[in-house]
Amino acid sequence: MKVSFQIKLFISLVAFFSVLFALLGGYYYVDVGKQLYQEMSARAKIQAEEIALIPTLRNEVEQKNINAIHDFMQKMSAHSDASFIVIGDNKGQHLFHSVFADRVGTTLVGGDNEAVLQGKSTTTIRKGGLGISLRSKAPIFNDAGQVVGIVSVGYLTSYLDTITVSKVVNILIAAVLLLIALFIFSWFFTRSIKKQIFSLEPREIGLLVRQQKAMMESIYEGVIAIDDRRRIEVINQAARKLLGLSQPARELRGQLISQVIDPVPFFDTQTMLAKDTHDEICRFNDLTVIASRVHIMLEGALQGWVITFRDRNEIDSLSAQLSQVKRYVDNLRIMRHEQLNRMTTLSGLLHMGRYEEAIGYIQAQSEHAQELLDFISSRFSSPTLCGLLLGKAARAREKGVELSFDPACLLDRPFLPLGEQELISIIGNLLDNAIEATQRSPLPHAPVEVLIKLSEQELIIEVADQGVGIKPEIRDQIFERGITTKTRGDHGIGLYLIESYVTQAGGAIEVADNTPRGAIFSLFIPATGTARQLEDTDYAT
């Protein structure tokens with residue numbers, strides 16, 4: 001049968017303090033007895049010496065006036081707490097005994113009279129007529145300085161033991177009450193400890209710690225736990241590797257997060273207290289990451305936060321591969337669908353024998369496709385961007401929407417402030433949103449106008465549609481994660497990514513209403529990476 005940690009701790013505390021009380025009680029009993037014997041020895045000696053100095057008694061002893069001695073000492077012994085008081089002469093004979101009056105004339109017992117008759121006071125423990133006693137003897141001198149008698153004041157050891165036991169009993173009662181209080185304290189103390197460790201046994205706690213350590217080190221993402229003062233509590237190996245930290249985790253523990261990661265808005269106190277965040281793109285030291293932050297609450301009190309993050313480049317790489325595969329599939333599906341429509345149309349014209357119309361149809365389709373291909377390939381140097389624009393144009397036609405490229409479009413060199421995948425993501429999301437908004441507007445659908453132009457100072461990306469527009473109630477939040485104007489599908493991430501990429505590149509975004517309806521998204525990204533000062537206009541953020 002296993003005994004719980006609470007019971008073990010309770011029994012251990014009670015047993016320990018019980019043994020401690022027993023040892024202290026034994027020591028105190030011995031010490032009290034020793035002190036009591038010392039005190040009674042001093043008291044007996046003082047009484048004996050004071051009685052021996054009384055002039056009346058000295059004269060009566062010298063004259064051996066037994067009746068006078070008896071009357072005088074009877075009054076004296078009545079006011080003393082001594083077990084007995086004895087007066088003897090210089091021959092060692094009883095002249096007075098406070099307990100046994102019939103012993104007058106008999107010899108003093110104990111064998112400790114010689115030193116006293118020589119004029120010295122003594123204190124001894126001897127067996128007398130009443131039993132073993134602690135007694136002090138003092139000589140009685142006459143006026144000539146000769147020893148004429150002895151005064152003996154004694155306390156029976158049984159009497160002293162009774163006093164000692166009485167004191168120990170009082171102490172024992174106090175100890176029992178204290179032990180009862182200890183029982184109560186130990187029980188509530190162990191309950192409190194058990195509550196703080198969530199009713200877990202020490203072995204289970206040790207196992208959990210080892211499991212936590214193994215789990216933290218096995219997580220591929222970087223994980224940092226900080227307390228409410230933003231001091232590092234836990235940091236795993238992946239986090240140290242991503243941040244380029246060479247120190248072991250035990251040296252980083254206790255340091256401020258600002259000492260490990262350069263200050264960024266992600267770790268601003270007000271921001272952290274306001275809300276949690278998920279998949280936020282930010283920069284930790286020299287690394288661009290996708291980070292999440294969740295606060296830790298215990299019994300309604302803030303304990304700290306857990307931050308998880310991963311390298312954005314790895315996510316982008318995977319996303320780029322998936323996006324590329326998706327574009328290939330979409331383009332193939334669109335081309336197949338369009339080709340089937342064309343072949344069906346061409347087949348019908350041939351069956352009807354209208355050969356000249358069939359030849360004209362083939363030439364018209366070829367010229368339109370070639371014209372768009374020539375324009376895009378001549379204006380944009382990136383093959384990936386060309387493929388994206390051609391695919392979006394074909395997809396828009398399939399949905400009944402036309403993409404109209406501004407003749408001023410030009411991107412004839414790489415744009416360094418943005419990576420190619422980031423640029424593709426920005427343009428692709430803007431076009432998807434514009435096509436979706438246009439498709440939901442009443443027929444006939446107006447074309448979506450596109451301008452992508454790189455100058456010496458900045459890159460301008462502008463997409464204008466005449467779709468359903470942006471609802472006023474969400475205009476100020478459209479760049480927040482999860483906010484969308486669409487009614488179907490898993491949306492709410494596109495504009496959030498656009499705003500993240502543009503902000504990191506030092507750019508700015510304008511959102512304005514189009515005429516007669518729809519919206520215009522204008523992006524201005526400086527070639528130097530510094531933020532562009534926008535004129536006052538109708539902003540969405």
Side-chain angles (χ1 to χ4, degrees), residues 264-265 280-283 288 312 316 375-376 379-382 384-386 388-389 392 403-438 447-467 469-470 472 474-481 483-485 493-515 517-541:
V264 291
E280 180 176 333
I281 299 175
C282 49
R283 196 164 184 82
T288 301
R312 196 201 67 178
D316 286 349
F375 177 83
I376 291 177
R379 297 287 177 168
F380 303 101
S381 61
S382 170
T384 306
L385 179 58
C386 291
L388 172 74
L389 296 176
K392 294 297 182 183
L403 291 186
S404 175
F405 291 92
D406 193 292
C409 286
L410 181 65
L411 184 59
D412 56 354
R413 63 183 185 275
F415 185 63
L416 299 180
L418 284 176
E420 187 174 56
Q421 296 302 326
E422 295 173 343
L423 183 62
I424 293 297
S425 177
I426 291 173
I427 296 174
N429 280 307
L430 286 175
L431 293 177
D432 285 340
N433 289 342
I435 294 169
E436 177 82 12
T438 302
V448 173
E449 299 175 343
V450 181
L451 171 64
I452 304 172
K453 182 178 180 182
L454 175 60
S455 65
E456 294 295 331
Q457 292 78 26
E458 62 186 357
L459 171 65
I460 301 174
I461 302 175
E462 187 170 274
V463 176
D465 65 73
Q466 295 188 26
I470 302 173
I474 65 170
R475 176 177 287 272
D476 294 335
Q477 293 89 31
I478 59 173
F479 292 110
E480 294 182 9
R481 183 180 178 87
I483 303 298
T484 180
T485 60
I493 189 66
L495 290 178
Y496 167 75
L497 289 176
I498 291 172
E499 195 269 344
S500 298
Y501 293 147
V502 173
T503 301
Q504 288 186 25
I509 304 176
E510 288 184 7
V511 181
D513 293 328
N514 200 1
T515 302
R517 64 175 182 268
I520 302 175
F521 281 80
S522 301
L523 281 60
F524 304 92
I525 306 173
T528 58
T530 56
R532 178 182 184 272
Q533 299 296 327
L534 297 178
E535 299 177 357
D536 292 337
T537 185
D538 184 13
Y539 294 113
T541 59

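Below, all heavy atoms of this structure are taken into account, side chains as well, without hydrogens, waters or symmetry copies. Bear in mind that the values here come from a model prediction, so they are computed numbers and not experimental data. The residues of the chain are indexed from 1 along the displayed sequence.
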Would you say that Leu495 contacts Asn429 through its side chain, given a criterion of any heavy-atom pair below 4.5 Å between the two side chains?
no
Mutual orientation of the aromatic rings belonging to Phe479 and Phe521 [parallel < 30°, tilted 30-60°, perpendicular > 60°]
perpendicular
Rounded distance (nearest 0.5 Å) linking atom CZ of Arg413 with atom CG of Leu454
4.0 Å
To the nearest 0.5 Å, what is the distance between CG (Asp412) and CZ (Arg379)?
10.0 Å
Rounded to the nearest 0.5 angstrom, the CG-CD1 distance for Asp513 and Ile470 is 7.5 Å
When rounded to the nearest 0.5 angstrom, what distance separates CG in Leu431 from CD in Glu436?
13.0 Å
Are the side chains of Leu459 and Leu411 in contact, using a 4.5 Å heavy-atom criterion?
yes
Check: Leu403 and Leu389 side chains under 4.5 Å, non-hydrogen atoms
no
Do Glu458 and Ile525 touch side chain to side chain, with heavy atoms closer than 4.5 Å?
no
Minimal heavy-atom distance between Asp432 and Lys392, with the atoms involved, is OD1-NZ, 2.6 Å
State the CD-CD distance between Gln466 and Glu449, to the nearest 0.5 angstrom.
7.0 Å
Main-chain N/O of Val448 paired with Asp465 side-chain donor or acceptor, under 3.5 Å:
no
Between Ala505 and Leu418, which heavy-atom pair has the shortest distance, and what is it?
CB-CD2, 3.9 Å
What I'd like to find out is whether the side chain of Leu385 reaches to under 4.5 Å of the side chain of Ile424, using heavy atoms alone.
yes
Derivation and outcome, side-chain hydrogen bond (donor to acceptor under 3.5 Å, both in side chains), residues Ser522 and Glu462
CA-CA 4 Å; Ser522 301; Glu462 187 170 274; 2.8 Å; yes
Nearest heavy-atom pair of Cys386 and Phe380: which atoms, and what distance?
SG-O, 3.4 Å
Separation of Leu451 CG from Ser404 OG (nearest 0.5 Å):
10.5 Å
Do Glu510 and Ile520 have side chains that approach each other closer than 4.5 Å (heavy atoms only, starting at C-beta)?
no
Nearest heavy-atom neighbours spanning Ala527 and Pro417
O-CG, 3.3 Å
Is it true that a side-chain atom of Ser500 and a backbone atom of Tyr496 form a donor plus acceptor pair closer than 3.5 Å?
yes
Leu523 side chain reached by Leu430 side chain, heavy atoms, under 4.5 Å:
yes
Of all the heavy-atom pairs spanning Phe375 and Cys409, show the shortest one and how long it is.
CZ-CB, 4.2 Å
Minimum heavy-atom separation for Ile281 and Gln504, please, with both atom names.
CG2-NE2, 2.6 Å
